[in-house]
Amino acid sequence: MSDPVIQRSDHPDTQVPAADAYRPDVIEPKWEARWAESGTNETDLDGALKPFFNLMMFPYPSAEGLHVGNMFAFTGADTYGRFKRLRGWNVFEPIGFDAFGIHSENYAIKLGINPAELIPRNIENFRRQLRRMGGMFDWRHELSTTDPRYYKWTQWIFVQLFKAGKAYKKAAPVNWCPSCKTVLANEQVINGACERCGTTVEQRILEQWFFRITDYADRLLSNLDDKAKMDWSDSTATAQRNWLGRSEGAEIDFPLEHGRSIRVFTTRPDTVFGATFMVLAPEHPLVTEITTPAQQEAVEAYRRQVSSRDLVSRKVGDREKTGVFTGAFAKNPATGRTIPVWIADYVLMEYGTGAIMAVPGHDERDFDFARRYGLRVVRVLGRPGQDPDAPVEMSETGVEGYRLLNSGEFTGMPAAEGKTAIIRWLEETGRGKGVIQYRLHDWCISRQRYWGPPIPMIYCDACGPVPVPERDLPVLLPLIEDFRPDDSGVSPLARHEEWYYIACPQCGARGRRETDVSDTFLDSAWYFLRYPSTEFDDRAFDDLRTRRWLPVTSYIGGNEHAVLHLLYSRFITMVLQELGHVQFDEPFAKFRAHGTIVKDGAKMSKSRGNVVIPDEYIAKWGADTLRMYLMFLGPFREGGDFRDDGISGPRRFLEKVWQLVADCIRDDASGEVKHRILVKWNQTKKAVTHRLEDLEYNTAIAALMELLNVLREENCRERRIVEELIIMVAPFAPHFAEECWERLGHRTSVFSAHWPTWDEHLTVEHTVELVVQVNGKTRSKVHVRRDASETEAVTAALADETVRRLIDSKEIRKQILVPNRLVNLVTA
RNA sequence: GCGAACGUGGCGGAACUGGCAGACGCGCAGGACUUAGGAUCCUGUGGGGCAACCCGUCCGGGUUCGAGUCCCGGCGUUCGCACCA
C-alpha cells in the first residue's frame, strides 16, 4: 500500500489532505472499540419484535487460529445478519467454541499440556480474531462446550434420553484406531483409516452407549420434503437422504430343518425364485447352531480370519469374494427347492438381518460369489422375447423393462408389479412381509477419551446403570495429569479411584462411574438452543426465550457437516420436542451451505504450505478489504480461489468510495441528477437487495462497483446517493461504513439506518437499446422507447442501413420481439 | 461402481423463466502526471481479418427464429457414499 503521507495527485477530484487518507489500521480498531462500549451488537432478547436468529457453525478453537475458511464462512453469515438488521430485523448473532474433542486432545498430547490449560489460550486468540474481522457478535452470549455451565446441560440431555429409553448400552464391534486409542464412529473412518491420523482401523468389541436415532429415520426423512418447516440447500437435503438410505423391500423367512428359519432382507423380493443359495454374515448368531460337524473347522477358521480384520477394510468393495459352506441347507419358500447356506464377509451383520438370499442371476455380488464357488445360477428376469433358459452371462439387475421368468404363477409380470404381488403373497402365506430398511445406524456416543463431558451414569451391582441425579450435575471432568489414552480400552478417568468410585444414587452402595465421555457431536447437537439462554444456570434453555428465538431463522455453514452435525441436531431436537422441552421438531428453518476456499487453484494444506493466514491480510489490507475480497472472489455457495493479486480490487473500490464521501462532504451541493444516474441508482438498489437475500455476494459487490463507476464518470456526489451507497456497503465493510457515516454527519451507527428502497419505474430507461437480429444473428442495434410495440420495433429495425441491406428484397417470414431486449427478423 | 455438482478470455468469475456471451475485478498494453511509480487518472483488451465480415462457452449430434442455458451420446474435474442385499 502507498504511504498516505506522501500520496499526492493533481487530479482535481483526488486532491485531498493526507490526514484524510483511508486508514483501516486506524478506523477499524476505533469502531471495534466503539461497538463494544456502546453495545451496538447486543440484541434485546426479551423485547425483540422481529427476532432473527442468525447462526453460523461455531468453530473448534485450534492452536493455529481462525483460518481463512472460517473467515469466509463467518463473513458470509455476518454480512447476511447485518443486511437483515438494516432491513429492520432484530438480529441475534451469537458465537461460541466447540472446544471438546479429539482435535484438541491430540494437540494437547503432542505438546504435553493438559487441554484444560491449552484450550482457553486458543479461545482467547479466536476471540481476538473474531472481533478483528468485525463480526456482529453478541459477546454476552458466548459459550464454550467445555464450560461446566454448558456441559452440565449436555449431560442433562443425555439423562433425558436415557430416561426416555432413547439411550442404551450394548456390546458392539466398533472401529478402533490403534494410534488415537479410541473408538471411531463409522463416519470418522475414511477408506479404512482414521479420519484424524490416517492409521488403519481395527475391529474391537466394547460396551458402548447408543442413541436410538434409527427410531426417527422415517421422520428425519419425511421432514426434508417439508419446505415450510425446513428450507435447506438441495445438496444438503440430498446428502441427508442418501445417508438415511431408505429402501423398500421385504423380509422373507427361509425354513431350516427342525422348524427354525433364516430371515433375510431383500429389496428385490421379485427375484425370490432365483435365490439358489443363502449367505449369512460370519458373526450371525445362527452360524454355530447350523454348521454341520464336517464343516465346523472350516467355518471357525473363516470366522477367526474375518474378525482379525477391521470393520472398514471389510467394507471396501470390489474385493474377491470369499466364504465357506456351513453344511446346512434351507428351503426356498417360493420354489420349494433345497439350497445351501454359506457364510461370507460380504454380508454385513449391521444391515438388514445379517443374512441374504443370494440371487446370482440378478445381483453382481452374488454372481461373483456363485461363479467362484460353482453355485447354481438361475434366470428369473428378462426383457421381452428373452429365452428363459438362456445361460446368465452377467447379472442383470434392472427393473425397468424387465419381466419375471421362471417364477411360477408370477411369470410374465413386469418386475415392479411382481415385487408388489410377491410381497402380497408372502404376507398372505405368512412367509414374509414388506418392510422398509434404513442405512442409518444408531448413534454411538461413547468415547474412551479424556477431553469431553463424562457420561453421567453410575453402575451399581444391585441397581444396574443409574443416571446421575439432575441435582448432582454437572459431573465435572477432573483435571488430571495423565490424560493420555492407553490401549487398555478404558478412559483415562478410570485410573482415578477417588473419582471412579461413587455411592449409588438409589441404594447408596458403592458404585462406579461411567468413565467414557460423550461424542463431540453431542456437544454441538444443541448449542443453538443454549445461545439465547446463556445467563440461566437453572435450565438448559429458557422457555420464553426459546419460543421467541427458535427455530433458528438462518443457518449458514459448510457442507462437510451436511450429514453428521445437522442430522444429530435434528434428532436431538425431535427427542426434546417429544419430551415436551421444545415446541418444534426441526431446529433450522433455513440452511444454506457455503463453498470452500482454495488457494491459487489448489486445496490449502499445511504440507503444501499454501495456507492463508487471515491475520496477515488484515494487517496489510484491513479487515474490511479482506471481508470484501472474500465475498467477491467467487459465488458464496460455491467458494472460490484466493489469489493474492485479486485483493487490490476491493481495496481500490473502498478507496474510491472513501474519496467520493470526502468529495460529498466538501461539496455538499445537491442538485438535478441525470436520468442515467437515477436509473443506475435504482437498478443497483434493487439488484443488491435481491442478491444479498440470495447470498450472491460477488454479484452484489459487482453491482455496487458499477454504480460507483457511473457516479465517477458523471462526477456525481449527490448526498442521498452517497449515503445509500454507504448503507449498501455496510454489510460487507462495517468499520468502513461506520466511519463514512459518521463523517457524513450522522451521530448514530450506520446499522440503525434503514436499508434503501427503490422506485421500480426508475429501474428502466425511457429509451432502450434493442438488439436487431436477422435470421438469429445480431446485426445491429436500434434505440426505441421503452415497451415499444412489435410494429414500432420492426419499423425502427428496418430503418437501419445494415438491416435493410441484409434483408434486401427478401420477404420477412416471421418477426419475434422480446420486449425491451431484441427483435429478430426471419427471412428465408 | 452409485449419487451430486461442475466444465465460459491470460486469471477469478458474470449472463433472470432459451434472447447482445465475457458484467465486475485482477492482469496486461499504450498514454497522462511524475526525480521516481509496484500510487493515481485516461484509453484499449476473446481469436482472426485492412475491411464489410468470419470464428468462438469441453467434444459430437439434435430441438428452436434464436442454445453457455433445453434434449441425446461422449470426455474431463471436484465432492460425497462405497460389498446397504
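We name chains A, B, ... by the order of the sequence lines, and we start the count at 1 in each one. Owing to the predicted nature of the structure, the values given are computational and were not obtained by experimental measurement. All values below were derived from every heavy atom in this structure, side-chain atoms included, with hydrogens, water molecules and symmetry-related copies excluded.
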If you check every side-chain atom of [X], which of [options] has the closest atom?
X	options	value
A:R439	B:A82, B:A85, B:C24	B:A82
A:M705	B:C53, B:A85, B:G25	B:G25
A:V347	B:A85, B:C41, B:G13	B:A85
A:D363	B:G3, B:A85, B:A23	B:A85
A:R643	B:C24, B:C65, B:G12	B:G12

| request: Mark yes when over 12 heavy atoms from residues, nucleotides or ligands other than A:E364 sit less than 6.0 Å from its CD; otherwise mark no. | output: no
| task | Please assess A:I339 against A:F254 for the test side-chain contact (heavy atoms from CB on, under 4.5 Å), listing each intermediate value before the final yes or no. | result | CA-CA 10 Å; A:I339 58 176; A:F254 281 63; 3.9 Å; yes
So does [X] get a side-chain nitrogen or oxygen closer than 4.0 Å to the phosphate oxygens (OP1/OP2) of [N]?
X	N	result
A:K603	B:C79	yes
A:R241	B:G3	no
A:N698	B:A14	yes
A:K777	B:C55	yes

Nucleotide opposite [N] in a Watson-Crick or G-U pair, distances under 3.5 Å:
N	value
B:A21	none
B:A67	none
B:G56	none
B:G1	B:C81
B:G37	none
B:G44	B:C28

| task | Sequence neighbours left out, what passes side chain to side chain donor-acceptor pair (under 3.5 Å) with A:D644? Give chain and number order. | result | A:Y617
Separation of [N] [atom2] from [X] [atom1] (nearest whole Å):
X	N	atom1	atom2	result
A:M349	B:A85	CE	P	16 Å
A:Q815	B:U64	CD	C1'	18 Å
A:Q240	B:G3	CD	P	20 Å
A:E638	B:U78	CD	P	16 Å
A:E696	B:A23	CD	C1'	14 Å
A:F636	B:G13	CZ	P	15 Å
A:Y346	B:G1	OH	C1'	16 Å
A:L566	B:G80	CG	C1'	15 Å

Identify whether any heavy atom of [X] sits under 4.0 Å from a base atom; if not, whether one sits that close to sugar-phosphate; answer base, sugar-phosphate or nothing.
X	value
A:S235	nothing
A:K656	sugar-phosphate
A:R779	sugar-phosphate
A:R805	sugar-phosphate
A:T596	nothing
A:N709	sugar-phosphate

| For A:Y373, which of A:W342, A:F277, A:F367 qualifies under ring pair (Phe, Tyr, Trp, His ring centres under 6.0 Å)? | A:W342
| Cation over ring, A:R592 on A:W232, under 6.0 Å and within 45°? | no
| query | Roughly how far, to the nearest 0.5 Å, is the NE2 atom of A:H690 from the NZ atom of A:K685? | reply |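 Reported to 0.5 Å precision, the distance equals 13.5 Å.
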| Salt bridge flag under 4.0 Å for residues A:R246 and A:E248 |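 Here A:R246 pairs with A:E248 in a salt bridge, since their nearest N and O are under 4.0 Å apart.
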| Side chains of A:N682 and A:T763: donor-acceptor distance under 3.5 Å anywhere? | no
| Looking just at side-chain N and O atoms, do A:Y402 and A:D270 make a donor-acceptor pair shorter than 3.5 Å? | no
| With ring centroids as reference points, do A:F642 and A:Y629 lie under 6.0 angstrom apart? |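 Close enough - the centres of the two rings lie under 6.0 Å apart.
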| query | Do A:F369 and A:Y346 have their ring centres less than 6.0 Å from each other? | reply |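 That pair passes the under 6.0 Å test.
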Pairs under 3.5 Å (N/O, protein and nucleotides 26-30 of chain B):
from, atom 1, to, atom 2, distance (Å)
B:C26, OP1, A:R652, NE, 2.9
B:C26, OP1, A:R652, NH2, 2.8
B:C26, O3', A:D645, O, 3.3
B:C26, O2', A:D645, O, 3.0
B:G27, OP2, A:R652, NH2, 3.0

Restricting both atoms to N or O, compile the protein contacts to nucleotides 18-21 of chain B shorter than 3.5 Å, with distance only.
from, atom 1, to, atom 2, distance (Å)
B:G19, N2, A:Q773, OE1, 3.2
B:G19, N2, A:N824, ND2, 3.4
B:C20, O2, A:K781, NZ, 2.8

